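Here's the structure, in structure tokens; my notes come after.
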Amino acid sequence: MDKNLAKQKILLLRKELEYHNQLYYNKHKNEISDYEYDQKMNNLIDLEKKFPEFNSMNSPSIRVGGKITREFKTIKHSSPMLSLSNTYSEEEIDDFDKRVKKILKINEIEYTCELKFDGVALSIIYSKGKFVRAVTRGDGKKGDEISNNVITIKSLPLEINNDTPEYFEVRGEVFLSKLNFERINKLKIKNNEIAFSNPRNAASGSLKMQNSSIVSKRNLNCYIYSLICENSNIKTHEKSLNYLKKIGFNIPDTYKKCNSINDVKKYIQSWKNKRFSLGVETDGIVIKVNNLYYQKILGNTSKSPRWAIAYKYKAENSKTKIIDIKYQVGRTGAITPVAILNPVQLSGSIVKRASLHNSNEIKRLDIRINDTVIIEKGGEIIPKITGVEINKRAINSSILAFITSCPACGTPLKKIDKQANHYCLNHNKCKPQILGKIEHFISKSAMNIEHIGPETIKGLLNNNIIKDISDLYKIQYENIINLEFKINKNDKIRSLKNKSCKNILTSIKNSKNQPFSNLLFGLGIRYVGKTTAEKLTSYFKNIDTLINASFDEIIFVDEIGDKIADSIISYFSNKENLKLIKRLKTSGLIFHENQSKNESNENKLRDLNFVISGTFTNYSREEIKNEIIINGGKVSSSLSSKTNYLLTGKNIGPKKEIKAIELNIKILSEKDFIKMI
Ligand code: IVH
């Protein structure tokens, strides 16, 4: 394509995509389908790849991420990013109002009230209408530049078409919607990773990730709550929000100008329960003096502005009775006690169950059946039991004895080492474990076998068509046509028809091509999440090397600790598991790293052994170790005749260098190493 035409097309696509971003994320409207949007985005990405001379920091394609930030730059803020002082009562709100009026020597004052969104504070700089950089709050005076991650936030304009001041700053709150938070945590749990405890932690963790492609998939969002700009003729905070909204920033519709402190109190009351129906976590209200000139006069203390205050809602709680305790068996055999509650209204929803996590938690709270308990839903979405009303306890109540055998198969439960959970170790025969394992095996991040839901699996298990994951590959059309199952537990019975059977069989067949790391993850070895599986497969290359690896060899892999290594050793020392792997091998599943994948990784360090010493300028020790492994090399901790290179940074002790010379091992500097890869 001709260069000029390409440029025109690129500019047009950028304009169109940014227009649809703004429409969708800030005005919640749709003019094109997701499919059309994706097509336009792919077109743009293709053209930008072919014509890199037109690349721009402000292109909407940048929002899909792809940049790696090795180290976040520290940037000083134009003015300190303060925090708000908190209040919890109406009296304190009155005190604030009196203080403000006293300093300003006036009797009437306007406020703007906004919801206080529970996320991470951010400062964003624009120059000539274009995004320049985004910086975290940090210590209030200086923060980390996290632009690569922030530009993945689609509601944030990268280029503003309206007239704007030459240079301005906006501040706001980055957050994750409740739905996205749940989606991310579900995925984390599925991948055997530790879930985030609340959306705020999830947002803050995401913003500090080094790979912006992953951040982009988290779907962060950002509300802007202030404009900092010299020589502006905007006179009130309310007007500055209106202006920001007009030029394309994401301003929530929930702010309101209040003419008196009584109106402020009404606003607080009106959001007390309504806030739970919002898609985002809020933990209070921010009350701001509306007149910007008054704000200037009031000024700040060293910690917080005198012109604003936060009203925090106390965590909501309710009381109810525990009717029963049920025990759930997870796919790893972990037993989770769940309190079955007398249904109760709490923060806008009806709560019927609450997880008690493990026996320690039951002991800590001394929970018993028929107890009246306090359940809370504070910042968190999941209700939790925070206490027991001991004075309401019946005299004949007895201490709750944790079950001693599996509720599903009757096997005696075991507590492993210092772990909090009890486990059913009948891993290969206990029904909920088998069901859970199959669900995990067929999941998207593992073997990606579609068209089979939990109820179909139950149908397959109940009809003895499968007993474990390896049987999936033996299923024949005749076995499953007319198989009876239910879509949902309470649905009427359905049966598998021709098309569904064919879809299932095709999907099972296609899954044989899933890479080794997906397969290893799919086996469901405790603590082996997706990332760990990837690390293990790229290090050990095939299943037999991994099966035969010693504890020391396994912990040698980057980020693999004792707990994971123990679990791997224990999994492969179980004969049943080895037989299962043999059956899967016979069915043609890939238990080795794909050769072509290695080559495309440019395995420049294949079979080379490195020892690392000292500190490096461009990498942390972990990062340089990773770089070697990614490129096919190995890292050892001590020099031996098998070592090919001693990779040296700063502050290396002389002993290692002398030994390397004695053993005739090449000594590499960090620069040499970078050249090498
Ligand atoms: S105004 C003091 N407005 O609350 C600086 N802050 O302790 C003025 N926050 O982390 C902040 N929603 O990021 C303001 N509508 C809102 C807010 C808000 C959330 C956060 C802010 C900061 C904390 C203040």
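Computed from a predicted model, the values in this text were never measured in an experiment. Both ligands and their constituent atoms are indexed starting at 1 by order of listing. Here, residue 1 is the first one in the sequence, and each next residue gets the next number.
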Review point. Side chain to side chain contact (heavy atoms under 4.5 Å, CB included) with I374: which residues, sequence neighbours excluded?
Key: N317, K319, T386, E389
Exercise for review: May I ask you to decide whether K363 forms a salt bridge with E361, counting only side-chain N to carboxylate O separations under 4.0 Å?
Suggested key: no
Check your understanding: Measuring from each atom of ligand 1, which residues have a heavy atom under 4.0 Å away?
Key -> L82, S83, L84, E114, L115, K116, F117, A121, E173, Y225, V286, K288, P305
Review point. Do the ring planes of Y267 and W271 sit parallel (below 30°), tilted (30 to 60°) or perpendicular (above 60°)?
Key: tilted
Review point. Is the closest side-chain donor-acceptor distance between S123 and E169 under 3.5 Å?
Key: yes
Check your understanding: Below 6.0 angstrom between ring centroids: does that apply to F175 and F181?
Key -> no
Check your understanding: Would you say N290's side chain and H237's backbone share a donor-acceptor pair under 3.5 angstrom?
Key -> yes
